[in-house]
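Proteins get letters first, then strands, A, B, ... in listed order; numbering begins at 1 in each. Fair warning: this is a prediction, and the values are worked out from it, not measured in the lab.
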Amino acid sequence: MQYQSQMVAKPYFIAAIGLFVAQILFGLIMGLQYVMGDFLFPEIPFNVARMVHTNLLIVWLLFGFMGASYYLVPEESETELHSPKLALALFWIFLVAGALTIVGYLAVPYATLAKITGNDLLPTMGREFLEQPTITKIGIVIVALGFLFNIAMTVLKGRKTTVNLVLLIGLTGLAVLFLFSFYNPDNLVLDKMFWWWVVHLWVEGVWELILGSILAFVLIKTTGVDREVIEKWLYVIIAMTLITGIIGTGHHYYWIGTPEYWQLLGSVFSAMEPIPFFMMTVFAFNMINRRRREHPNKVAVLWAMGTAVMAFLGAGVWGFIHTLSPVNFYTHGSQITAAHGHMAFYGAYVMIVLTIISYAMPMMRGRAAANSNKSQVMEMWSFWLMTVSMVFITLFLTAAGILQVYLQRMGGDAALSFMVAQEKIALFYWLREGAGVVFLIGLIVYIASFFVGGKERAETA
Amino acid sequence: MSGAFTKSMARNIFYGGSAFFIFIFLALSFDTVRALPERDHRENITPQVALGKKVWEENNCIGCHTLMGEGAYYAPELGNVYNRFGNSKEAIIGFIKSRPVEGNPGRRNMPQFNLSDEELEAVAEFLKWTSEIDDANWPPNIQG
Amino acid sequence: MQKGDHELLLTSTITWLLLLALTLVTYAAAQLGVEGKWLILGVLAIALIKGKLIIDRFMGLRWVGSFWRPMLDLYLFTVGGLIATAFLLP
Amino acid sequence: MGESDSPVLSQQKATLSMTVPDSNRTSCAITTDYPPGDVAIWIFILAELSVFALLFVVYAFTRHYNLELFDLHQQQLDSRSGLINTLTLITSSYFVVRAVAAIQYGNARLCSRWLWGAIALGLLFLLVKGVEYQHHFSLGIGLSTNLFYTFYISLTFFHFMHVIMGMVILTVVALKAGRGGYCATEHTGVETAASYWHMVDLVWLILFPLVYVMR
């Protein structure tokens, strides 16, 4: 670690992992509620558990992105962070605001929370993923602006690398697009249309720039390949991302009241969305094959390769499966969407945050370039446990989704009602829950890997 | 000259290509917003429908149900519930009202939200309005 | 400019005139109200020949060995083949 | 431009290991692995071509299932403007070929003149297409009118935008050429722009018969 101020990333990473654990616990609760409907009812109804599960995911990924930025921007800029104090202050503001929001979700009925937080003044609550009280949303904007200011000032004062610029563009896009969460018209169609400007243009747009730049940074550091080569491909990949992804938004505009030409445009452009992910996979493996040195932190390289592969599978392949409008007509809003969502988020965003944590943490904990072998082996176990179980979660949900579509949406008059169809596919939900438990075990192993082999040194430092 | 592959060209393509596609997307969005009035029947968005949407949001219905296929997949699609319930607002209201506070043992349960009569009417009206949006004939059948 | 250069310019000029002529053929076909699947496929074939001329002569891929030229040839054949299939379907 | 023709050129090229002498571009049989211009633009070209390929193929199959609708509305298109625009783009592409040839001999002023000619023809294309659009819009025809017009406008408008994009690129290159920014040994930029412009032409050469003629 070259700059003292990079250390502010540490609390961000720790908070991210903590919230990750909570997210998975609530995921398991939901999974159980899928098959044991009355589990924790009425204390924690499904909608509350889901809100906690998804919001925690977003919040801990944001913590991860911020931590990643605080870690890599000083190193890339070759200068200390503009204001480590601001970074720390924002950390606590964000953590407390996030925690209070989650407590609010759990402690009082959602309608009460809406009332207390003054949703009447500017109603923004109650939309998928944007359930946060308006005041929390304002807090997010403030934290995002402060964070952006801090990062931008650092970049401006130091060396301007491609990694930094792309990251900055991604983070700015993230903040700007979030502003659409304040637009909530009475007209449901308009509401949904611009809701996607937050959700789609985040995960299939600007977040991919953040993902790309973090991956490029880790590859530069661990492979020793010429920065020029890696940055060149970074540009090509993110160019492809935006070329396909922006009009690819159209694949959400098939059935929400928007004009039908989106079925053509959305299908064509989103069918191309796997391409940048495929390029990213080829790129990562290529760079690692061309590596000029053996970095002692093998597990970080493993995470990086895992990101490239799983992002392609989850976001690329599983996205493509149901992106064409004639297919999506039947699969829209089924468990197939859930399957895609799980693997895409894990493969692209969870894994990239774990990649940078895996790369940066040993150095921030004063362990030279890498953890001891013992610790690394344990972390690799967690990698495989989590990744394989996520593959199975996805496969089980896909099977459930195919059956659901078949039973509920095909077969004319003989089609089953939603609830009856759900009972028929309960077996797959049980299997999914089982895979979820393995995932949790993987996560526990992951956390345990931080606490083993501290005294031993990595084999090759 | 052959054989060049430069970072500056890759960068130009990123900026140029992105700007190009953002522009096209904005143009299409503009056309969409102009075309919407014929599809969303906004003339029927009464204050009651607007209140219904607010009730829908403030009870986080989207946390279990889908609405036009978007939301959670724990409970039935509601974009066409008005039609599924025999084009009856009363049936919708009756269903929401009759949810037991402690739930039915062993089954997926909808909470009892204790909505006022005005709110119940509003949410039913909202769901009726939603069912009339021209959404390219989705879902494939009445089961949603 | 010497002999070889004139040859090159001549080639591109001939290509250009050929493209213009082929376009006029296509247009004439349209004006004459050409019907029937095979004639229509003739129009498509002309389009593909024109595409091939552009790729080889104008884009200069004629002397590019690996990857790019085969890629673009593959492109023409795939697109042309699929369009032809759609027009031939009963 | 064989090696014997341009000794200065080939001497310079011999020092660059990545490049292949331009002599390959005459009729001798040696081939190169690199396309003209920057490889980055070729990745972009391939992506753009793929989008158009999908649009073309979906058009063809959708037409098959809506024959009457497509035939009816296709006949209302003005195939004369389609013809003019095809001739315009082909000629414009030819101008660009001449521009590249000019800069290969180091004649930057000639290069820039050919490029401006190509840009002017691009403008003519936009004008003709614009008149055509004007006609459609005055009849109240838009993207949502029917399936045929959804395709017709999507395809042609998307291409229209590419013509504008290509013209922007050509303009940048023409200005730089006019300032003497390229020479016989370093003119990747001209070749890059040329490749993009030919792609725009190539797409139209399929689009024109498919949308205007084939029925």
Side-chain angles (χ1 to χ4, degrees), chain A residues 33-34 36-38 41-42 45-48 50-51 110-111 114 119 123 125-128 131 162 186-190 192-193 228 231-232 235-236 238-239 242-243 246-247 249 253-260 263 265 329-330 332-335 337-338 408-410 412 415-419, chain B residues 5-7 10-11 13-14 17-18 21-22 24-25 28 31-33 35-36 39-40 42 45 49-50 53-54 56-64 66-77 101-109 111 113 130 133-136 138-141 143-144:
Chain A
Q33 286 175 333
Y34 252 92
M36 295 168 55
D38 59 348
F41 189 87
F46 181 86
N47 62 342
V48 172
R50 182 179 198 261
M51 194 159 60
Y110 191 69
N119 193 47
M125 290 173 73
R127 294 171 302 150
E128 197 184 4
E131 293 94 346
T162 300
D186 290 336
N187 187 338
L188 183 69
V189 180
L190 277 173
K192 281 176 174 289
M193 181 179 164
E228 195 74 6
E231 291 184 336
K232 182 164 79 186
Y235 269 132
V236 171
I238 59 172
L242 294 189
I243 288 168
I246 292 174
I247 301 186
T249 314
Y253 290 170
Y254 298 159
W255 327 114
I256 59 167
T258 29
E260 276 152 54
Q263 292 187 33
L265 299 174
F329 183 64
Y330 292 99
H332 180 52
S334 71
Q335 292 297 326
T337 318
Q408 182 191 323
R409 289 184 177 162
M410 301 173 100
L416 302 178
S417 77
F418 178 89
M419 291 310 294
Chain B
F5 180 12
T6 59
K7 190 168 94 179
R11 187 193 56 217
I13 287 173
F14 166 65
S18 304
F21 283 92
I22 289 170
I24 293 184
F25 182 64
L28 288 167
D31 182 84
T32 296
V33 170
L36 278 186
R39 304 179 63 89
D40 58 22
R42 58 188 62 184
I45 304 179
V49 171
K53 181 165 183 277
K54 195 149 164 279
W56 165 271
E57 287 166 357
E58 293 193 340
N59 291 282
N60 192 29
C61 306
I62 205 88
C64 291
T66 48
L67 190 64
M68 296 158 112
E70 293 171 2
Y73 319 119
Y74 187 71
E77 160 69 26
V101 176
E102 290 301 317
N104 291 313
R107 304 201 44 187
R108 294 187 194 175
N109 289 297
F113 290 108
T130 304
I133 295 170
D134 180 359
D135 59 359
W138 195 88
N141 66 21
Q143 302 298 354

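Between chain B and the residues Ser334(A), Pro45(A), Pro123(A), the largest count of heavy-atom pairs under 4.5 Å involves Ser334(A). Of the listed residues Asp186(A), Leu242(A), Leu188(A), Val48(A), the one with more heavy-atom pairs under 4.5 angstrom with chain B than any other is Leu188(A). With respect to chain B, the highest number of heavy-atom pairs below 4.5 Å among Tyr110(A), Phe46(A), Tyr330(A) belongs to Phe46(A).
Residue Arg50(A) touches chain B through its side chain alone, counting heavy-atom pairs closer than 4.5 Å. Heavy-atom distances place both the backbone and the side chain of Pro259(A) under 4.5 Å from chain B. Within the 4.5 angstrom heavy-atom criterion, only backbone atoms of Met125(A) (N, CA, C, O) approach chain B. The part of Ile133(B) that comes within reach of chain A is its side chain, from C-beta onward, which places non-hydrogen atoms under 4.5 angstrom from that chain. Interface residue Ala239(A): backbone and side-chain heavy atoms are both found under 4.5 Å from chain B.
Looking at every heavy atom in both residues, Gln143(B) comes nearest to Leu416(A) through CG-O, 3.3 Å. Taking each heavy atom of Gly106(B) and Asp38(A) in turn, the nearest pair found is N-OD2, 2.7 Å.
Judged by distance alone, the side chains of Glu260(A) and Tyr253(A) never bring a donor and an acceptor atom under 3.5 Å apart.
Evaluation of the salt bridge (Lys or Arg N to Asp or Glu O under 4.0 Å) rule for Arg409(A) yields no partner, not counting sequence neighbours.
Relative to the six-membered ring of Tyr235(A), Lys7(B) misses at least one condition, a distance below 6.0 Å or an angle of at most 45° to the axis.
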